[in-house]
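Read through the structure below, which is laid out as structure tokens, and then see the notes.
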Amino acid sequence: MGLSGRVALVAGATRGAGRGIAVELGAAGATVYCTGRSTRAQRSEYDRAETIEDTADLVTAAGGTGIAVPTDHLDHGAVAALVERIEGDHGRLDVLVNDIWGGELMVEWDTPVWEHDLANGLRTLRLAIDTHLVTAHHALRLLSRTPGGLVVEVTDGTAEYNAENYRLNVYYDLAKAAPIRLARSWAHELREHGGTAVAVSPGWLRSEMMLELFGVTEETWREACAREPHFAISETPRFVGRGIAALAADGDRHRWNGRSTSSGELAREYGVDDLDGSRPDAWRYIVEVQDAGKPADVTGYR
């Protein structure tokens with residue numbers, strides 16, 4: 001319970017990495033505010049079953065205190081009210097996880113900019129970048145008051161990988177490069193306040209949507225390897241959550257300030273494993289095996 005007494009906000013906690021991170025922060029003892037647009041009363045345009053209330057219940061079941069607050073992070077007033085509530089309830093914010101995304105249904109893979117739907121592309125950037133800026137504007141004012149605060153910008157790909165590889169189309173490329181730069185910005189702005197900011201990328205995530213895409217469940221996920229052999233390196237959303245919870249509990253976490261890292265690197269540093277006891281290092285595998293055109297073989301990578 002290394003985070004007992006700490007207060008966290010996971011912005012974008014409805015499903016996927018956000019849910020996994022929220023649950024693991026709760027397992028470490030934190031009070032976790034779980035935000036998103038999908039609630040038991042109303043679904044977002046995703047029209048999926050996962051809700052922030054479900055995430056909050058999982059946080060509490062894991063040992064923390066989960067609090068669901070419906071929030072559209074493009075709504076300045078709603079985000080301001082969220083932070084005011086946290087301040088009123090606790091007078092502090094120790095951890096902010098910016099995991100807001102929302103672009104899966106609008107991104108057209110491997111499509112040049114002149115063919116990609118412009119409105120969808122610009123909406124993707126608003127959901128992936130503007131939301132993070134709005135949230136930081138309001139939340140960092142509170143977080144910066146207490147030395148030792150941590151901001152995590154969740155993205156897809158490390159700084160090194162994204163610098164060398166074009167990510168699917170211009171909108172996705174920008175959406176996933178921006179959080180890395182934002183983490184560097186927050187690192188600069190929080191340094192004199194004793195805060196730390198880090199960009200973190202999960203590996204190939206076995207999110208609810210990914211499992212559904214392959215027609216498997218978490219229990220049967222290996223069956224998807226017949227269709228996509230490299231899926232063997234995949235990880236649960238809880239894996240990146242365990243790494244981030246360990247980072248948040250690290251009294252020397254400021255050494256990470258401004259860095260870009262991955263679930264695999266955090267796992268090596270802090271000795272955490274995925275739910276099945278393995279320790280997948282997806283980004284090293286992607287570079288050395290998948291992108292290199294080698295047959296799928298996770299030996300030495302998990």
Side-chain angles (χ1 to χ4, degrees), residues 1-13 16-34 59 62-64 92-100 132 135-136 139-140 143-144 146-161 179-191 193-203 205 235-275 279-284:
M1 304 295 284
L3 297 179
S4 180
R6 305 274 188 90
V7 180
L9 165 59
V10 179
R19 173 173 286 188
I21 294 165
V23 172
E24 289 299 335
L25 290 172
T31 294
V32 185
Y33 285 80
C34 307
V59 170
R92 62 188 293 154
L93 177 63
D94 301 289
V95 180
L96 168 64
V97 178
N98 253 336
D99 184 51
I100 313 152
H132 291 226
T135 305
L140 296 193
L143 183 140
S144 64
T146 305
L150 173 67
V151 182
V152 176
E153 286 283 341
V154 180
T155 188
D156 175 21
T158 63
E160 181 181 15
Y161 187 85
I180 296 171
R181 189 67 194 188
L182 288 177
R184 292 182 62 185
S185 299
W186 311 149
H188 173 79
E189 296 184 0
L190 290 170
R191 185 174 289 113
H193 302 281
T196 300
V198 185
V200 178
S201 175
L205 203 66
E235 62 196 51
T236 74
R238 299 280 292 278
F239 185 53
V240 68
R242 289 179 171 182
I244 290 172
L247 172 65
D250 182 357
D252 191 31
R253 60 187 166 276
H254 193 68
R255 72 188 190 276
W256 293 89
N257 198 33
R259 288 182 54 186
S260 163
T261 186
S262 66
S263 53
E265 183 179 23
L266 290 175
R268 289 195 307 273
E269 177 70 21
Y270 293 109
V272 299
D273 297 326
D274 206 346
L275 298 182
R279 194 175 293 175
D281 191 352
W283 289 103
R284 186 166 64 88

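Here the structure is a predicted model, which means the values were calculated and not measured.
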What side-chain donor-acceptor pairs closer than 3.5 Å can you find for residues 147-161, not counting sequence neighbours?
from: Glu153; atom 1: OE1; to: His132; atom 2: ND1; distance (Å): 2.6
from: Glu153; atom 1: OE2; to: Asn98; atom 2: ND2; distance (Å): 3.0
from: Glu153; atom 1: OE2; to: Trp186; atom 2: NE1; distance (Å): 2.9
from: Thr155; atom 1: OG1; to: Lys176; atom 2: O; distance (Å): 2.6
from: Asp156; atom 1: OD2; to: Arg167; atom 2: NH2; distance (Å): 2.9
from: Asp156; atom 1: OD2; to: Tyr172; atom 2: OH; distance (Å): 2.5
from: Thr158; atom 1: OG1; to: Tyr161; atom 2: N; distance (Å): 3.1
from: Tyr161; atom 1: OH; to: Asp291; atom 2: OD2; distance (Å): 2.6

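Using a 4.5 Å heavy-atom cutoff, the side chains of Val272 and Leu266 are not in contact.
Between atom NE2 of residue His254 and atom CG of residue Leu190 there is a gap of 9.5 Å, rounded to the nearest 0.5 Å. The CG atom of Asp250 sits 4.5 Å away from the CZ atom of Arg255 when rounded to the nearest 0.5 Å.
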Derivation of the side-chain contact (heavy atoms from CB on, under 4.5 Å) call for Glu269 and Leu247: CA-CA 9 Å; Glu269 177 70 21; Leu247 172 65; over 6 Å; no
CA sep, side-chain torsions, deciding dist, call: Ile21, Val240, side-chain contact (heavy atoms from CB on, under 4.5 Å): CA-CA 7 Å; Ile21 294 165; Val240 68; 4.0 Å; yes
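For His188, the NE2 atom is loosely surrounded, since the number of other residues' heavy atoms within 6.0 Å does not exceed 12. Counting non-hydrogen atoms of other residues, nucleotides and ligands closer than 6.0 Å to CZ of Arg259 gives a total above 12.
Of the possible polar contacts, one joining the Asn257 side chain to the Ala197 backbone as a donor-acceptor pair under 3.5 Å is found. Looking at Asp274, its side chain does come within 3.5 Å of a backbone N or O of Thr236 through a donor-acceptor pair. Judged by distance alone, the side chain of Arg253 and the main-chain N or O of Ala248 form a donor-acceptor pair under 3.5 Å.
Here the shortest heavy-atom pairing between Gly203 and Glu235 reads N-OE2, 2.9 Å. Residues Tyr270 and Gly243 share a closest heavy-atom pair of CD1-O, 4.3 Å. Closest heavy-atom contact between Ser260 and Ile180: CB-CG2, 4.3 Å. Across Trp283 and Pro202, no two heavy atoms sit closer than the pair NE1-O, 2.8 Å. Listed here is the closest heavy atom pair of Val198 and Ala183: C-CB, 3.7 Å. Taking both residues in full, the closest heavy atoms of Gly16 and Pro237 are given as O-CB, 3.3 Å, listed atom of the first, atom of the second, then distance.
For Tyr33, the ring pair (Phe, Tyr, Trp, His ring centres under 6.0 Å) partners are His90, not counting sequence neighbours. For Glu189, there are no salt bridge (charged side-chain N to carboxylate O under 4.0 Å, His left out) partners at least two apart in sequence or on another chain. Every residue two or more places apart in sequence or in another chain that forms a side-chain hydrogen bond (donor to acceptor under 3.5 Å, both in side chains) with Asp281 is listed here: Arg268, Arg284. Taking Glu24 as the reference, Arg238, Arg242 meet the salt bridge (charged side-chain N to carboxylate O under 4.0 Å, His left out) condition, with sequence neighbours excluded. For Arg92, the salt bridge (charged side-chain N to carboxylate O under 4.0 Å, His left out) partners are Asp94, not counting sequence neighbours.
Looking at Thr261 and Trp256, their side chains never bring a donor and an acceptor atom within 3.5 Å of each other.
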